[in-house]
Undergrad: 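This is the structure I want to talk about, given as structure tokens.
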Amino acid sequence: MLSLQRVTSSSYVTMFEANVRAMLLDHAHCEKKAASSALNMMFRYPDRPELVAVCADIVEEEIQHFRQVLQIMQARGWQYGRQMPSKYGGRLAAHLRTAEPHALLDRLLMCALIEARSCERFQLLGAGLSDPELAAFYQALFESEARHYATYLKLALTYFDEAEVRERLAFYAEQEAAICALGEDAPRLHA
Ligand SMILES: [Fe+2]
Ligand SMILES: [Fe+2]
């Protein structure tokens, strides 16, 4: 259902538990970036009313998620702060085509796949974390990220032919799986 071509190993939960503070900090940055990407789409495509409306909703929801992560961090005495961007987003963006209308299709599919990967991992965390507060939090977030995935995909199907969307989604999912396999230098949500 999520179009992903690589399954995250269950050892991801163990990695998260060994690096809770760093993972929550990264998670906060990811939610902020998700809001920023949706806002960026609204700036880029003001002449696409369906896109503007749904991206406005996503911006609000992602900022709400960002606030929730900050609250959890603050309750544990952990500060939010600056962090180097992970390589995952930049590596995905390297495959974006720049000429329209392909640029729009690629951006929608990139956003869809990032949401799908978050959704997949939040489901693992919701089911596997031993910390009850965090497990409940990730179970709740899993549903909204699944909805965001479906929303971006639906937008792609609103503006592009289904065969073209499926073909490009398969290409992008293959790139995303290869990027996940490369990993990151530090504990990251999408590493
Ligand atoms: Fe989110
Ligand atoms: Fe999301």
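Only a predicted model underlies this, so the values are computations on that prediction, with no experimental measurement involved.
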Undergrad: If you compare all heavy atoms of E17 against all heavy atoms of G128, which two are closest, and at what distance to 0.1 Å?
TA: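 Minimum heavy-atom separation between E17 and G128: OE2-O, 4.4 Å.
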
Undergrad: Report, as yes or no, whether the 6.0 Å neighbourhood of atom CZ on R97 holds more than 12 heavy atoms from other residues, nucleotides or ligands.
TA: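 Count over threshold, so yes.
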
Undergrad: What pair of heavy atoms forms the shortest contact from L169 to S3, and how long is it?
TA: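 Minimum heavy-atom contact is CD2-OG, 3.4 Å.
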
Undergrad: Might you work through the salt bridge (charged side-chain N to carboxylate O under 4.0 Å, His left out) test for E164 and R168, ending with a clear yes or no?
TA: CA-CA 6 Å; E164 187 183 2; R168 193 64 184 166; over 6 Å; no

Undergrad: Among E145, H27, E60, whose side-chain hydrogen bond (donor to acceptor under 3.5 Å, both in side chains) with H65 holds?
TA: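 By the side-chain hydrogen bond (donor to acceptor under 3.5 Å, both in side chains) criterion, H65 pairs with just one of E145, H27, E60: E145.
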
Undergrad: Using a strict cut-off of less than 4.0 Å between a Lys/Arg side-chain nitrogen and an Asp/Glu carboxylate oxygen, indicate whether R147 and E143 qualify as a salt bridge.
TA: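 Answer for the salt bridge query: no.
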
Undergrad: Please say whether the positively charged group of R121, taken as NZ for Lys or CZ for Arg, lies over the ring of Y12, i.e. under 6.0 angstrom from the six-membered ring centre and within 45 degrees of the axis.
TA: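 Positive - R121 is close enough to the ring of Y12 and near enough to its axis.
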
Undergrad: Distance-only, no hydrogens or angles: does the Q5 side chain make a donor-acceptor pair with backbone N or O of A177 under 3.5 Å?
TA: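 No; zero donor-acceptor contacts below 3.5 Å.
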
Undergrad: Strictly distance-based, threshold 3.5 Å: is any side-chain N or O of N19 a donor or acceptor partner for the main-chain N or O of M15?
TA: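 Yes, because the side chain of N19 sits within donor-acceptor range (under 3.5 Å) of the backbone of M15.
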
Undergrad: Report the residues that fulfil side chain to side chain donor-acceptor pair (under 3.5 Å) with E100, sequence neighbours left out, ordered by chain and then residue number.
TA: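 For E100, the residues satisfying side chain to side chain donor-acceptor pair (under 3.5 Å) (neighbours in sequence not counted) are Y45.
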
Undergrad: With side chains defined as the heavy atoms from C-beta onward, is the minimum distance between Q175 and R91 less than 4.5 Å?
TA: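 Q175 does not reach R91 side chain to side chain.
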
Undergrad: Using residues 70-77 as the side-chain source, report each donor-acceptor pair under 3.5 Å to any protein atom, sequence neighbours left out, with the distance given to one decimal.
TA:
residue, atom, partner, partner atom, Å
R76, NH1, D131, OD2, 3.0
R76, NH2, D131, OD2, 2.9
R76, NH2, E133, OE1, 2.6

Undergrad: Take S118 and Y149 through the side chain to side chain donor-acceptor pair (under 3.5 Å) test and state the conclusion after the steps.
TA: CA-CA 9 Å; S118 305; Y149 158 76; over 6 Å; no

Undergrad: I want to check something: taking the side chain as every heavy atom from C-beta on, are M41 and I58 in contact at a cut-off of under 4.5 Å?
TA: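 Sidechains of I58 and M41: no contact.
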
Undergrad: Between atom OG1 of T151 and atom CG of L51, what is the distance when rounded to the nearest 0.5 Å?
TA: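 With rounding to 0.5 Å, OG1 (T151) is 11.0 Å from CG (L51).
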
Undergrad: Where do F66 and Y80 land on the ring-ring contact (aromatic ring centres under 6.0 Å, His included) test, with the steps shown first?
TA: CA-CA 11 Å; F66 172 72; Y80 176 70; 5.4 Å; yes

Undergrad: Rounded at 0.5 Å granularity, tell me how far CG in D26 sits from CZ in R188.
TA: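 It is 5.0 Å, given to the nearest 0.5 Å.
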
Undergrad: Look at the rings of H190 and Y88 and say which category their plane angle falls in: under 30° parallel, 30 to 60° tilted, over 60° perpendicular.
TA: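 Parallel, since the angle between the ring planes stays under 30°.
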
Undergrad: Donor-acceptor pair, distance only, cut-off 3.5 Å: does the side chain of Y172 make one with the backbone of L92?
TA: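 Between the backbone of L92 and the side chain of Y172 there is a qualifying donor-acceptor contact (under 3.5 Å).
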
Undergrad: Examine distances only and state if a side-chain atom of E120 and a backbone atom of V7 form a donor-acceptor pair shorter than 3.5 Å.
TA: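 No, E120 side chain to V7 backbone: no donor-acceptor pair under 3.5 Å.
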
